Amino acid sequence: MKKIILIILISLFVTGCGSKELETKQNNFVNESTIPDYEDQQEEKEYNQVFTNEEKNENIPSSIEEPKQETKPNQDTLEPNVSSPNFKEEEKEETITYSNKDNIAISSIETINQNVDDLLKKEKSEDTKSKLKGVFITLVDFVFYDGQIKGVTFNELTDAGKTKVLNLIKTIDEKIENYFPNYKENISTKTKQAFTKASEIIKNGANNLNNFAKDKLGEEYYQEIIDSKDELVLYTKNALSIVGDISSNLFTKAKDSLKSWYENFKNK
């Protein structure tokens, strides 16, 4: 009887231990299958991070182009624009040194130029036209007949001074011509071509002094102006308020004296 009881107890004990071991194994299997290993968690985390970065990188340009900076030329090293029509003249103004006599003549003719501007602002009239004719006649006297500006003649100017003066006279002539077309042809019937020729020579000399020569006016035109001096003086008297600094040689000498002067001029 005791043996039977002992066998039953041992069977129960063995059965209980087996159940507990089976339960433990089952629990371990559940834990292993449901709870990821730490290393697995790290690998999954790194994988997700890489995947996320790759998604982000798809929206980022492979290379970011830096904005281009506009480079401006250094003003100190800029070359002058030699194609500009005013460049040569501006360059000469900066480098040329005028003599005292040049400055006297230039200053006076610049004043005449300003006076002409003021006169042209007024209403057109025969009186205005007469004064402007006198201005041009007086300037021709200075250039071609040894008229004087405060004792200075055209021949006494330097080449730079002559070029500047011729340019100023050219400017004055063109202003009057724009306001009173063909005014030179109406100065005198005897000098119709002479003053037009004088204007042409002045303009050529203003563009290139080598193209200027007083004798290009020619003996015929020189003489025509001399022969018309009594008629021309009426215009110059009207222009005295504008050209006050110029003293005439053409209108202060008798015709015979002017003829002698011209003969000496030709023979020089």
Side-chain angles (χ1 to χ4, degrees), residues 105-150 152-154 164-207 212 214 216-255 257-259 261-262:
I106 291 169
S107 176
S108 294
I109 298 179
E110 284 178 338
T111 300
I112 293 172
N113 186 31
Q114 183 59 55
N115 290 339
V116 167
D117 283 339
D118 295 338
L119 190 60
L120 289 174
K121 292 176 183 177
K122 298 180 179 180
E123 185 179 355
K124 284 185 179 181
S125 67
E126 286 301 316
D127 182 59
T128 299
K129 187 176 182 180
S130 175
K131 288 179 180 179
L132 294 173
K133 287 179 180 180
V135 169
F136 185 73
I137 293 168
T138 304
L139 293 172
V140 167
D141 186 355
F142 173 69
V143 173
F144 292 96
Y145 291 89
D146 283 352
Q148 297 182 4
I149 298 178
K150 297 180 179 180
V152 177
T153 65
F154 182 80
K164 180 67 175 180
V165 164
L166 292 174
N167 270 287
L168 286 169
I169 297 174
K170 172 189 172 184
T171 299
I172 293 169
D173 180 21
E174 289 175 345
K175 286 179 182 178
I176 302 173
E177 186 70 31
N178 288 334
Y179 207 73
F180 294 106
N182 303 317
Y183 79 97
K184 291 184 288 294
E185 296 179 5
N186 299 321
I187 291 176
S188 168
T189 54
K190 294 181 180 179
T191 61
K192 183 175 182 179
Q193 298 300 322
F195 283 112
T196 300
K197 180 66 175 178
S199 173
E200 178 187 322
I201 296 170
I202 288 170
K203 290 176 181 178
N204 290 338
N207 295 328
F212 175 83
K214 291 168 70 171
K216 286 187 176 183
L217 184 58
E219 183 174 356
E220 179 185 355
Y221 292 145
Y222 260 108
Q223 195 60 48
E224 283 183 1
I225 293 175
I226 291 172
D227 290 341
S228 303
K229 65 184 292 296
D230 293 337
E231 183 180 358
L232 301 178
V233 72
L234 297 175
Y235 293 113
T236 59
K237 284 182 178 180
N238 287 337
L240 281 176
S241 60
I242 305 175
V243 294
D245 288 337
I246 300 182
S247 59
S248 172
N249 186 43
L250 177 62
F251 304 111
T252 56
K253 290 184 178 181
K255 289 183 180 180
S257 297
L258 285 171
K259 288 180 180 180
W261 165 85
Y262 181 67

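Bear in mind the structure is a predicted one, so any value in this text is a computation, not a measurement.
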Taking only residues two or more places apart in sequence, or in another chain, which ones meet Ser125 in a side chain to side chain donor-acceptor pair (under 3.5 Å)?
Thr128

Counting only pairs under 3.5 Å, give me each side-chain donor-acceptor contact of residues 193-207, with atom names and distances, residues two or more places apart or in other chains.
{"residue": "Thr196", "atom": "OG1", "partner": "Lys192", "partner atom": "O", "Å": "3.2"}
{"residue": "Ser199", "atom": "OG", "partner": "Asp173", "partner atom": "OD2", "Å": "2.4"}
{"residue": "Asn204", "atom": "ND2", "partner": "Glu200", "partner atom": "O", "Å": "3.3"}
{"residue": "Asn207", "atom": "OD1", "partner": "Lys170", "partner atom": "NZ", "Å": "3.3"}
{"residue": "Asn207", "atom": "ND2", "partner": "Lys203", "partner atom": "O", "Å": "3.2"}

Backbone N or O of Phe142 within a donor-acceptor pair of the Gln148 side chain at under 3.5 Å?
no

Got a sec, which residues hit side chain to side chain donor-acceptor pair (under 3.5 Å) with Gln223, two or more places apart in sequence or on another chain?
Asp227

Considering residues at least two apart in sequence or located in another chain, which fulfil the side chain to side chain donor-acceptor pair (under 3.5 Å) criterion with Ser130?
Asn238

To the nearest 0.5 Å, what is the distance between OH (Tyr179) and NZ (Lys124)?
6.0 Å

At what distance, to the nearest 0.5 angstrom, does NZ of Lys214 lie from OH of Tyr222?
5.5 Å

Compare every heavy atom of Tyr235 with every heavy atom of Asn186, then report the nearest pair and how far apart it is.
O-OH, 4.1 Å

Reported CD1-to-CG distance for the pair Ile187 and Leu234, which is rounded to 0.5 angstrom:
12.5 Å

Let's go through Phe144 and Phe154 carefully: what are the C-alpha distance in whole Å and the side-chain angles of both, what is the deciding distance for ring pair (Phe, Tyr, Trp, His ring centres under 6.0 Å) to 0.1 Å, and is it a yes or a no?
CA-CA 8 Å; Phe144 292 96; Phe154 182 80; 8.0 Å; no

Spacing of Ile109 atom CD1 and Ile169 atom CD1 [to the nearest 0.5 Å]:
4.5 Å

Flag, side chain of Thr236 to backbone of Val233, donor-acceptor distance under 3.5 Å:
yes

For the side chain to side chain contact (heavy atoms under 4.5 Å, CB included) test, which of Leu240, Val135, Ile149 pairs with Ile246?
Ile149

Suppose we screen for side chain to side chain contact (heavy atoms under 4.5 Å, CB included). Which residues come up paired with Ser228, at least two apart in sequence or across chains?
Ser188, Lys190, Thr191, Leu232

The reported gap from CG in Leu132 to CD1 in Ile172 (rounded to nearest 0.5 angstrom) is 10.0 Å

Which atom pairs, one a donor and one an acceptor, fall under 3.5 Å between side chains of residues 112-120 and the rest of the protein, sequence neighbours left out?
{"residue": "Asn113", "atom": "OD1", "partner": "Lys175", "partner atom": "NZ", "Å": "2.7"}
{"residue": "Gln114", "atom": "NE2", "partner": "Asp118", "partner atom": "OD1", "Å": "3.2"}
{"residue": "Asn115", "atom": "ND2", "partner": "Thr111", "partner atom": "O", "Å": "3.4"}
{"residue": "Asn115", "atom": "ND2", "partner": "Ile242", "partner atom": "O", "Å": "3.4"}
{"residue": "Asp117", "atom": "OD1", "partner": "Lys175", "partner atom": "NZ", "Å": "2.8"}
{"residue": "Asp117", "atom": "OD2", "partner": "Lys175", "partner atom": "NZ", "Å": "3.1"}

Roughly how far, to the nearest 0.5 Å, is NZ of Lys216 from OH of Tyr221?
15.0 Å

Using a strict cut-off of less than 4.0 Å between a Lys/Arg side-chain nitrogen and an Asp/Glu carboxylate oxygen, indicate whether Asp141 and Lys229 qualify as a salt bridge.
no

